[in-house]
Engineer: 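Handing you a structure now.
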Amino acid sequence: QVQLVESGGGLVQPGGSLTLSCEASGRAFSRYALSWYRQAPGREREFVAAASWSGGNIYYSDSVKGRFTISRDNAKNMGYLKMNSLSAEDTAVYFCAAGPKMDWTIETILAPYDYWGQGTQVTVSS
């Protein structure tokens with residue numbers, strides 16, 4: 001069983017940066033893939049980024065590639081999402097998720113994750 005708690009959301013100006021954190025409980029976290037999703041008002045939840053259990057394999061959605069960086073520190077049971085060059089289109093509730101992945105294919109990366117946090121709001125506005 002893994003519990004996830006996101007933090008670090010807030011209000012940021014366009015062009016600014018923000019780093020989200022995902023604190024995990026349970027030893028299994030270090031064996032699970034980590035992902036970030038987001039959901040804007042009136043829109044479906046959207047995949048943002050994923051990292052394999054070791055952090056050695058990374059995958060980003062096209063909308064954030066080159067601007068966002070996912071990372072993890074298994075010794076601290078922590079995951080991170082550093083977001084640069086933010087725009088209003090990045091405004092959403094951001095969720096971290098974790099779960100076992102048997103391989104690293106697009107289908108596996110985007111398949112449902114077992115554990116989810118409660119989300120943290122990111123608002124990009126001047």
Side-chain angles (χ1 to χ4, degrees):
Q1 187 76 9
V2 173
Q3 293 184 331
L4 305 172
V5 178
E6 303 93 337
S7 62
L11 175 64
V12 61
Q13 292 187 342
S17 298
L18 207 59
T19 297
L20 306 182
S21 298
C22 176
E23 182 175 4
S25 65
R27 295 182 178 180
F29 174 75
S30 63
R31 303 195 301 269
Y32 290 167
L34 167 71
S35 68
W36 288 91
Y37 281 74
R38 66 185 181 185
Q39 187 166 19
R43 301 185 65 177
E44 292 188 355
R45 189 169 56 190
E46 173 191 18
F47 170 84
V48 173
S52 61
W53 67 271
S54 67
N57 292 299
I58 302 290
Y59 182 73
Y60 296 100
S61 69
D62 288 342
S63 61
V64 307
K65 193 178 300 181
R67 300 189 299 122
F68 290 13
T69 302
I70 187 173
S71 62
R72 63 190 299 165
D73 185 339
N74 287 339
K76 296 181 178 179
N77 261 20
M78 294 292 297
Y80 305 97
L81 184 68
K82 180 171 176 55
M83 307 182 293
N84 295 325
S85 303
L86 288 163
S87 70
E89 288 67 38
D90 297 313
T91 294
V93 178
Y94 283 72
F95 301 88
C96 66
K101 299 293 180 182
M102 296 300 103
D103 54 31
W104 199 248
T105 64
I106 292 178
E107 291 75 18
T108 302
I109 293 167
L110 300 181
Y113 287 77
D114 293 343
Y115 306 101
W116 291 82
Q118 83 291 346
T120 185
Q121 175 71 47
V122 172
T123 302
V124 184
S125 175
S126 56

Engineer: In Å and rounded to the nearest 0.5 Å, what is the OG to OH distance from Ser25 to Tyr115?
Structural biologist: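 Spacing of OG (Ser25) from OH (Tyr115) equals 10.0 Å.
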Engineer: To the nearest 0.5 Å, how far apart are OG1 in Thr105 and CG in Asn57?
Structural biologist: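 These two atoms lie 11.0 Å from each other.
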Engineer: Give a yes or no answer on whether the side chain of Arg67 reaches the backbone of Ser85 with a donor-acceptor pair at less than 3.5 Å.
Structural biologist: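 Yes: the side chain of Arg67 pairs with the backbone of Ser85.
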Engineer: Between Arg72 and Phe29, what is the shortest heavy-atom contact and its length?
Structural biologist: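 Taking every non-hydrogen atom into account, NH2-O, 2.8 Å.
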Engineer: Taking C-beta and beyond as the side chain, do Phe68 and Ser61 meet within less than 4.5 Å on heavy atoms?
Structural biologist: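 A side-chain contact under 4.5 Å is absent here.
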Engineer: Check for me, please, whether Leu110 and Trp104 land in the same ILVMFWY cluster - side-chain distances under 4.5 Å, paths through other members count.
Structural biologist: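 Yes; Trp104 is reachable from Leu110 via cluster members.
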Engineer: Between Asp90 and Met83, is a side-chain contact (heavy atoms from CB on, under 4.5 Å) present by the stated rule, with each step listed?
Structural biologist: CA-CA 9 Å; Asp90 297 313; Met83 307 182 293; over 6 Å; no
Engineer: Would you call Gln118 and Glu6 a side-chain contact if the rule is heavy atoms closer than 4.5 Å?
Structural biologist: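 A side-chain contact under 4.5 Å exists here.
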Engineer: Do you know the tightest heavy-atom contact between Pro14 and Ser126?
Structural biologist: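 Looks like CD-N, 3.7 Å.
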Engineer: Is Val122 linked to Val64 within one hydrophobic cluster, defined over Ile, Leu, Val, Met, Phe, Trp and Tyr using a side-chain heavy-atom separation of less than 4.5 Å?
Structural biologist: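 Yes, it is one cluster - the side chains of Val122 and Val64 are joined through contacts under 4.5 Å.
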Engineer: Quick check: closest heavy atoms across Ile109 and Ala50, and the distance to 0.1 Å?
Structural biologist: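 Minimum heavy-atom separation between Ile109 and Ala50: CG2-CB, 3.7 Å.
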Engineer: Kindly determine whether Lys101 and Tyr113 satisfy side-chain contact (heavy atoms from CB on, under 4.5 Å), including the steps that lead there.
Structural biologist: CA-CA 9 Å; Lys101 299 293 180 182; Tyr113 287 77; 3.4 Å; yes
Engineer: Hey, what do you get for OH (Tyr80) to CG (Asp73), rounding to the nearest 0.5 Å?
Structural biologist: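 Between Tyr80 OH and Asp73 CG, I get 5.5 Å after rounding to 0.5 Å.
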Engineer: What's the separation between atom CD in Glu23 and atom NZ in Lys76, rounded to the nearest 0.5 Å?
Structural biologist: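 The CD atom of Glu23 sits 11.5 Å away from the NZ atom of Lys76.
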Engineer: Which heavy-atom pair separates Tyr60 from Ala49 by the least distance, and what is that distance?
Structural biologist: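 In terms of heavy atoms, the two residues are closest at CD2-CB, 3.5 Å.
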Engineer: Report yes or no: does Asn74 contribute a side-chain atom to a donor-acceptor pair with the main-chain N or O of Ser54 at less than 3.5 Å?
Structural biologist: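 The answer is no, because no donor-acceptor pair under 3.5 Å joins these two groups.
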Engineer: Would you say Thr91's side chain and Val124's backbone share a donor-acceptor pair under 3.5 angstrom?
Structural biologist: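 Confirmed, Thr91 side chain pairs with Val124 backbone.
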Engineer: Under a 4.5 Å cut-off applied to non-hydrogen side-chain atoms, are Ser125 and Leu11 in contact?
Structural biologist: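 In short, these two side chains touch, coming nearer than 4.5 Å.
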Engineer: Kindly state whether the ring of Trp116 and the ring of Tyr37 have centres lying under 6.0 angstrom apart.
Structural biologist: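 Ring centres of Tyr37 and Trp116 closer than 6.0 Å.
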Engineer: Would you say that Asp114 contacts Tyr32 through its side chain, given a criterion of any heavy-atom pair below 4.5 Å between the two side chains?
Structural biologist: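 Asp114 vs Tyr32: side chains apart.
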Engineer: Scan residues 11-21 for pairs that pass side chain to side chain donor-acceptor pair (under 3.5 Å), counting only residues two or more places apart or in two chains.
Structural biologist: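 The answer is Ser17-Asn84.
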Engineer: Measure across Ala28 and Val2 and return the closest heavy-atom pair with its distance rounded to 0.1 Å.
Structural biologist: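 For Ala28 versus Val2, the nearest heavy atoms are CB-CG2, 4.0 Å.
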Engineer: Is there a path of hydrophobic side-chain contacts, each under 4.5 Å between heavy atoms of I/L/V/M/F/W/Y residues, joining Leu81 to Trp53?
Structural biologist: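 As far as the 4.5 Å side-chain criterion goes, Leu81 and Trp53 are not connected within one cluster.
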Engineer: Are Phe95 and Leu34 connected in a single hydrophobic cluster, I mean Ile/Leu/Val/Met/Phe/Trp/Tyr linked by side-chain heavy atoms less than 4.5 Å apart?
Structural biologist: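 They do not share one cluster, since no chain of ILVMFWY contacts under 4.5 Å joins Leu34 to Phe95.
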Engineer: Taking side-chain contact (heavy atoms from CB on, under 4.5 Å) as the criterion, tell me which of Leu18, Val93, Leu20 meets it with Thr120.
Structural biologist: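 Single pass found, and it is Leu20.
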Engineer: Please report, to 0.1 Å, the donor-acceptor pairs under 3.5 Å made by any side chain of residues 41-48, with sequence neighbours excluded.
Structural biologist:
residue, atom, partner, partner atom, Å
Glu46, OE1, Arg38, NE, 2.8
Glu46, OE1, Arg38, NH2, 3.4
Glu46, OE2, Ser63, OG, 3.4

Engineer: side-chain contact (heavy atoms from CB on, under 4.5 Å) between Ile58 and Ile70: does it pass, once the steps are laid out?
Structural biologist: CA-CA 8 Å; Ile58 302 290; Ile70 187 173; 3.5 Å; yes
